[in-house]
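Residues: numbered from 1 along the sequence shown. Predicted model only: the values in this text are computed from it and were never measured.
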Amino acid sequence: MSFMVFIAIVAVVGITYCEGNSSVSCFESEKRALLNFKRDIIDPSNRLSSWSENGGDCCKWLGVYCNNPTGHVYKLDLRPPATPPVYASDAEFGVYWRSMLRGKINPSLMSLNHLVHLDLSHNNFGRTLIPGFLGSMESLTYLDLSGANFGGAIPHQLGNLSKLQHLDLGDNSNQLFEAKNLQWLSGFSSLEFLDLSEVDLSKATDWLEVTNRLPSLKELHLSACFLDNDPSSIMVNYSSLCVLDLSNNFLSPPVPAWIFSLGSLVSIDLSGNAFEGVIPSSFQNISSLKFLDLSSNSFNSSLPVWLFSLKHLEFLSLRGNFLQGKIPDSIGNLSSIRTIDLSGNMLEGPLPISLENLFTLGKLDLSNNNLDQEISEILKVLFRCCADELESLNLANSNLSGHLTDQLGQFKKLSYISLSQNSISGFIPISIGNLSSLQYIDVSDNHLHGNLPQNLENPMNLEYVNIAYNLLEGVVSEGFFSNLKRLRVFRASQNKLKFEPNSNWIPPFECQTIELSYWFLGPKFPTWIQFQKDLSTLDISNAGISDVVPSWFWNFTSKMVFLNISHNQLEGEIPVLPVHKLADLRSNRFSGPLPRILPDMATLFFTNNSFSGSLSSFLCDYRLGKPKLFLLQLESNLLSGEIPDCWKQWQGIRVLNMANNNLTGRIPDSLGYLGFMFLNLRNNKLSGEPPLTLADNNQLFMLDIGENQFTGNIPKWIGKSLPNLVILSLRSNSFNGHIPDELCELSSLQILDLGVNNLSGEIPKCFKNLTAMATKPNGTDDVIDYFVKGEFIRNELLVMKGRVREYSTILSLVTTMDLSSNNLMGNIPKEVTSLESLQSLNLSGNSLGGNIPDHIGSLKMLESLDVSRNHLSGSIPESLSNLNFLSHLNLSYNDLKGRIPSSTQLQSFDEYSYIGNQLCGPPINESCGIKGGTPPPSHGKEESEGWVEKYMIYFSVVMGFLVGFWGVVAPLLFSKSWALAYYAKVEAIGGKLSSLWS
């Protein structure tokens, strides 16, 4: 027995796991095999530099492990170094990417007959096939090719590796697939670990049957394998299975019953499937569970009480379901819990006091719920349970209020805290400086106010700070940053903070992201930025800077991806703009020619500056590579000359805005080949006709060529070839002829502006087919909203309510038709009244005749109506009084007659809305009596009775006159005695009155 123990000890000690400890040299044949393997490997970082002819003992080479007694290579581990942390510098990431081996795997590995462990994971083999010859290396017990960017079908020769205990082909970005079935796995009687995550197993319908027959299997990972529910009725009995991962598949309810029969399971991951309803109570039968992840499904019950009887549970995630109600008190029974994630549900507060019993809790995520509780109360509960254990706390977007207290600074291990998107007010407590382990803090989008702490006394490990969108104010001192030496991301936009460091201040940090929009950093340009050599995102927009941009700024870093310096008063010329993705220079004073840009620039805002000269050098002389520009905003500059005909190399542009410049000439044909989504050339001096090539832009949503000098007929292809058009403006040009019926095919059109042209003929009756103006919108247009919110579309000028107005954020909600100031004739077609979602209708300044359509009141959403300066006749329709949203009305200078209908809306307008007609009644001063113009039209019996009463009054007046006259005056004329007596009496009365006055 003692001899056998001695042999066992020798066997264990004899195997050396570190390079350089072998007491024997490697075999020459194995050295040669390794060198041949290296010959086909691309090694950018020279990681395998020790592998050389003169490199001596190959057992001392990087990644090579030899058996000490025999000298044979038994292990080859060529994984790159560990993945750098999230906020590592670009240099650190660069080192990591260069450390990945590339190339192909040489068959010389087959000469390593004693190799039992092969790990090539997390390299980059460029989607090459897994070599089938690996199946000949029958001594292998461990094979890891995960995350190495292999592609194609899995070679079934791997099934010959009958000694395998560990097989990992996962995380190859769904490039690998199983072409037939998994029967090649059947011979793996010793296999304990199998990971095929992200391998397409949609054709391998036998996955459950085959893996169930692997007698030694302990861990099964089949995440993101396109698995459906197994329709077979096989008896499932994974006798040794401890870990089951079926996450991110297409499994639908109910949860497979066979899972609940696996009493040995300690870990279950069913996240990212389609399960719904109540969480099955059968999970409580698996009493040994330590890890349970049911996140990203559609469970919609309350939290089941039995769930918290799993006393061995260390990890619980129900994130991203539709769970409702309060968190039960029984959550305090999870005595072993380390991580709780209930985020993204509809849970309500307050949190139960029993949380204070979770003494091992290290991570708590309750974000995106409706806790409706004060943050101070939550901190008190958590302090009592886990002040010394809590490492991560996420309560973002949870309807929290109240103040942050100094108690926050007593969670000694806290490394991550997110309280964003709440209603937390008060100051940022200075005790936060005590959190020496804190790496990530996000308190953005709250109501925090006051100053930032002047000094953070202790060195901190903070890498990410987000305090944006609060009410912070005051002066920020240099001392605030003095102990933030590891800071990588600082987001603090939309506050009222002021930062004026000494001109020689050198920041102790090197950030990747700095966002200080709406801080006051001026008036001088901040020179400390030049020390941020690793900067990839910079936002100092609206920062009160009024200065010439120093020359160093345009070349201090080559890593800038997003740059926003808009809405300042920056000056100077820009030779080259060294930004890779997005640059926003709007609303400054930059001058000179347009700068050269990098080929991978995608989004470029030059709006509202003083760039001048022609476009030729910017567009036609581009020599830096194939440009990838998607959006180009050149609006409101001083650009002049013709638009050059060299757009073919700019095939990626989908949004182009060159409005408000001095461009002349025709639109070149090559411009029409780009496949626009938005094109705005408004307010230039362009002439001719729009090129036919624009007809190929069938994804065009907005076309604005208004306020130019275009001539000819409106092209029919606009209606035929641009089916997605939402905004069409041809305003203020010299288009003539009829409005083509083809425009009626634009069923998505919401804004049509043809005003101020020379159009003639009648308004097309087929306008009733403009269904976007007829149907009440259920919501905003997603495409328009995306470009507006991203400020890709700055605005659109529309004539509404009698004025030129600028619409931006609500552009997708606007529906308007403007045909004003043309030569249109005929009647207003009644079909126009079917456009019930129309908000503005302007037909003014034409030669339209006839009546206003009786059903004009059907335009219930109408806010503005202008039909002035036409030849409309008849009365104002009564239905006009039904327009409850009408806030602008102009009917002036027509031939309208009669009474103005009574309504709160129509009487609220002043008389100028009706001037130049023959109208009466409020709000104009002309009454509708005899002298009030035309009497009101008759309305049957009621009107007849009114006229009878009027004639009776006239008759009574006449009869009274006759009776009074002939009853008194006639006797005096025909009787002399009566006359003498009457006059004597009058004279006597006159004498008495004169004596009284005297």
Under 3.5 Å, side chain of [X] to main-chain N/O of [Y], donor-acceptor pair present?
{"X": "Asn568", "Y": "Ile565", "answer": "yes"}
{"X": "Asn461", "Y": "Gln439", "answer": "no"}
{"X": "Ser343", "Y": "Asp365", "answer": "no"}
{"X": "Ser420", "Y": "Asp445", "answer": "no"}
{"X": "Asp245", "Y": "Ser247", "answer": "yes"}
{"X": "Asn470", "Y": "Asn446", "answer": "yes"}
{"X": "Glu198", "Y": "Ser173", "answer": "yes"}
{"X": "Asn369", "Y": "Leu371", "answer": "no"}
{"X": "Gln532", "Y": "Ile529", "answer": "no"}
{"X": "Asn297", "Y": "Asn273", "answer": "yes"}

Mind checking whether [X] and [Y] have side chains closer than 4.5 Å, heavy atoms only?
{"X": "Met560", "Y": "Leu535", "value": "yes"}
{"X": "Leu364", "Y": "Leu358", "value": "no"}
{"X": "Ile331", "Y": "Leu351", "value": "no"}
{"X": "Leu400", "Y": "Ser423", "value": "no"}
{"X": "Leu289", "Y": "Ile268", "value": "yes"}
{"X": "Leu244", "Y": "Asp269", "value": "no"}
{"X": "Lys326", "Y": "Pro350", "value": "yes"}
{"X": "Phe275", "Y": "Pro256", "value": "yes"}

If I take atom [atom1] from residue [X] and atom [atom2] from residue [Y], how far apart are they, to the nearest 0.5 angstrom?
{"X": "Glu391", "Y": "Cys386", "atom1": "CD", "atom2": "SG", "answer": "10.5 Å"}
{"X": "Leu292", "Y": "Leu265", "atom1": "CG", "atom2": "CG", "answer": "10.5 Å"}
{"X": "Leu318", "Y": "Ser271", "atom1": "CG", "atom2": "OG", "answer": "11.0 Å"}
{"X": "Leu393", "Y": "Leu419", "atom1": "CG", "atom2": "CG", "answer": "6.0 Å"}
{"X": "Asn333", "Y": "Leu310", "atom1": "CG", "atom2": "CG", "answer": "10.5 Å"}
{"X": "Ser401", "Y": "Ile424", "atom1": "OG", "atom2": "CD1", "answer": "8.0 Å"}

May I ask you to check whether [X] and [Y] show a side-chain donor-acceptor distance below 3.5 Å?
{"X": "Asn368", "Y": "Asn397", "value": "yes"}
{"X": "Ser437", "Y": "Ser415", "value": "no"}
{"X": "Arg586", "Y": "Asn608", "value": "no"}
{"X": "Asn399", "Y": "Asn370", "value": "yes"}
{"X": "Ser223", "Y": "Ser197", "value": "no"}

Do [X] and [Y] make the cut of ring centroids closer than 6.0 angstrom?
{"X": "Phe531", "Y": "Trp505", "result": "no"}
{"X": "Phe481", "Y": "Phe490", "result": "yes"}
{"X": "Phe525", "Y": "Phe553", "result": "yes"}

Under a 4.0 Å N-O cut-off, is there an ion pair linking [X] with [Y]?
{"X": "Arg384", "Y": "Glu356", "value": "yes"}
{"X": "Glu463", "Y": "Arg486", "value": "yes"}
{"X": "Lys559", "Y": "Asp534", "value": "yes"}
{"X": "Glu510", "Y": "Arg488", "value": "no"}

CA sep, side-chain torsions, deciding dist, call: Lys498, Glu473, salt bridge (charged side-chain N to carboxylate O under 4.0 Å, His left out): CA-CA 7 Å; Lys498 184 177 183 179; Glu473 57 188 359; over 6 Å; no
Start with the C-alpha gap between Leu516 and Leu521, add the side-chain angles, then the distance that decides, and say whether side-chain contact (heavy atoms from CB on, under 4.5 Å) holds. CA-CA 9 Å; Leu516 304 177; Leu521 303 175; 4.1 Å; yes
From the list Phe411, Tyr440, Tyr464, ring-ring contact (aromatic ring centres under 6.0 Å, His included) partner of Tyr416 resolves to Tyr440
Ser541/Ser517 under side-chain hydrogen bond (donor to acceptor under 3.5 Å, both in side chains): CA gap, chis, key distance, verdict: CA-CA 5 Å; Ser541 60; Ser517 176; 3.0 Å; yes
Arg338 and Glu314: CA distance, side-chain angles, deciding distance, salt bridge (charged side-chain N to carboxylate O under 4.0 Å, His left out) verdict: CA-CA 5 Å; Arg338 288 285 306 155; Glu314 298 177 3; over 6 Å; no
Heavy-atom closest contact (Asp584 atom, Leu582 atom, distance):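 Looking at all heavy atoms of both residues, the closest pair is N-CD2, 4.1 Å.
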Would you check, one step at a time, whether the test side-chain contact (heavy atoms from CB on, under 4.5 Å) holds for Leu294 with Ile279? CA-CA 9 Å; Leu294 302 177; Ile279 299 175; 3.9 Å; yes
Does the side-chain contact (heavy atoms from CB on, under 4.5 Å) test come out yes or no for Asp293 and Phe315, once each step is laid out? CA-CA 8 Å; Asp293 192 344; Phe315 179 99; 4.2 Å; yes
